[in-house]
Amino acid sequence: MLLTDSAKLGLSTFHAMVEGEGYQIDQFYDQETNLSKDFLKNFDVIIFGLHQKEWSDQELSELDAWIHAGGGILT
């Protein structure tokens, strides 16, 4: 489900609430995103709402290192 989905069970309300608290949410299509160290360093928390990509061993390693360094995920 996308953050722009305003249906009864959509995430647009969640998106508005988070931004209302002063945080910024960016949305990325997982098939076009590489979980590299350079990409991950831009975020404090990553929410995987509609995950379809099978990560490479390198991406899993980078994600693991980012989490151990204090990054947070919500799946």
Side-chain angles (χ1 to χ4, degrees):
M1 194 173 296
L2 301 175
L3 292 171
T4 54
D5 189 342
S6 60
K8 183 177 178 183
L9 299 175
L11 291 176
S12 62
T13 301
F14 171 76
H15 184 230
M17 288 172 46
V18 170
E19 288 192 337
E21 292 294 320
Y23 298 98
Q24 177 182 334
I25 295 182
D26 297 309
Q27 187 167 281
F28 299 88
Y29 179 53
D30 62 346
Q31 297 294 335
E32 298 172 352
T33 302
N34 180 9
L35 296 180
S36 67
K37 183 178 182 177
D38 286 337
F39 177 77
L40 294 168
K41 72 180 181 183
N42 297 300
F43 307 100
D44 297 319
V45 176
I46 296 178
I47 301 169
F48 296 100
L50 183 61
H51 175 68
Q52 299 174 350
K53 180 180 179 180
E54 190 171 322
W55 295 319
S56 69
D57 290 341
Q58 180 65 34
E59 287 177 295
L60 288 171
S61 178
E62 296 287 355
L63 182 61
D64 187 57
W66 177 80
I67 291 168
H68 281 90
I73 63 170
L74 175 62
T75 57

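Taking CD from Glu54 and CD from Gln31, the interatomic distance works out to 10.0 Å, rounded to the nearest 0.5 Å. Here Leu35 contributes atom CG and Trp55 contributes atom CH2; the two are 6.0 Å apart, rounded to the nearest 0.5 Å. Taking NZ of Lys37 as the reference point, atom CG of Leu63 lies at 14.0 Å (rounded to 0.5 Å). Between atom CD of residue Glu62 and atom CD1 of residue Ile67 there is a gap of 12.0 Å, rounded to the nearest 0.5 Å.
At least one side-chain heavy atom of Ile46 sits less than 4.5 Å from a side-chain heavy atom of Leu40. With a 4.5 Å cut-off on side-chain heavy atoms, Glu59 and Lys53 count as touching. Looking at heavy atoms from C-beta onward, Asp26 lies in side-chain contact with Phe43 at the 4.5 angstrom threshold. Phe48 is not listed as a side-chain neighbour of Leu74, based on a closest heavy-atom distance of 4.5 Å or more.
Connection of Phe28 to Ile73 is established within a shared hydrophobic cluster, with ILVMFWY side chains joined at heavy-atom distances below 4.5 Å, either directly or through further cluster members. Linking Ile, Leu, Val, Met, Phe, Trp and Tyr whenever their side-chain heavy atoms come within less than 4.5 Å leaves Ile25 and Met17 in two separate clusters.
Taking the side chain to side chain donor-acceptor pair (under 3.5 Å) definition, one finds that Asp44 meets it with nothing, sequence neighbours left out.
With a 6.0 Å radius and a threshold of 12 heavy atoms from other residues, nucleotides or ligands, Asp57 has its CG atom at or below the threshold.
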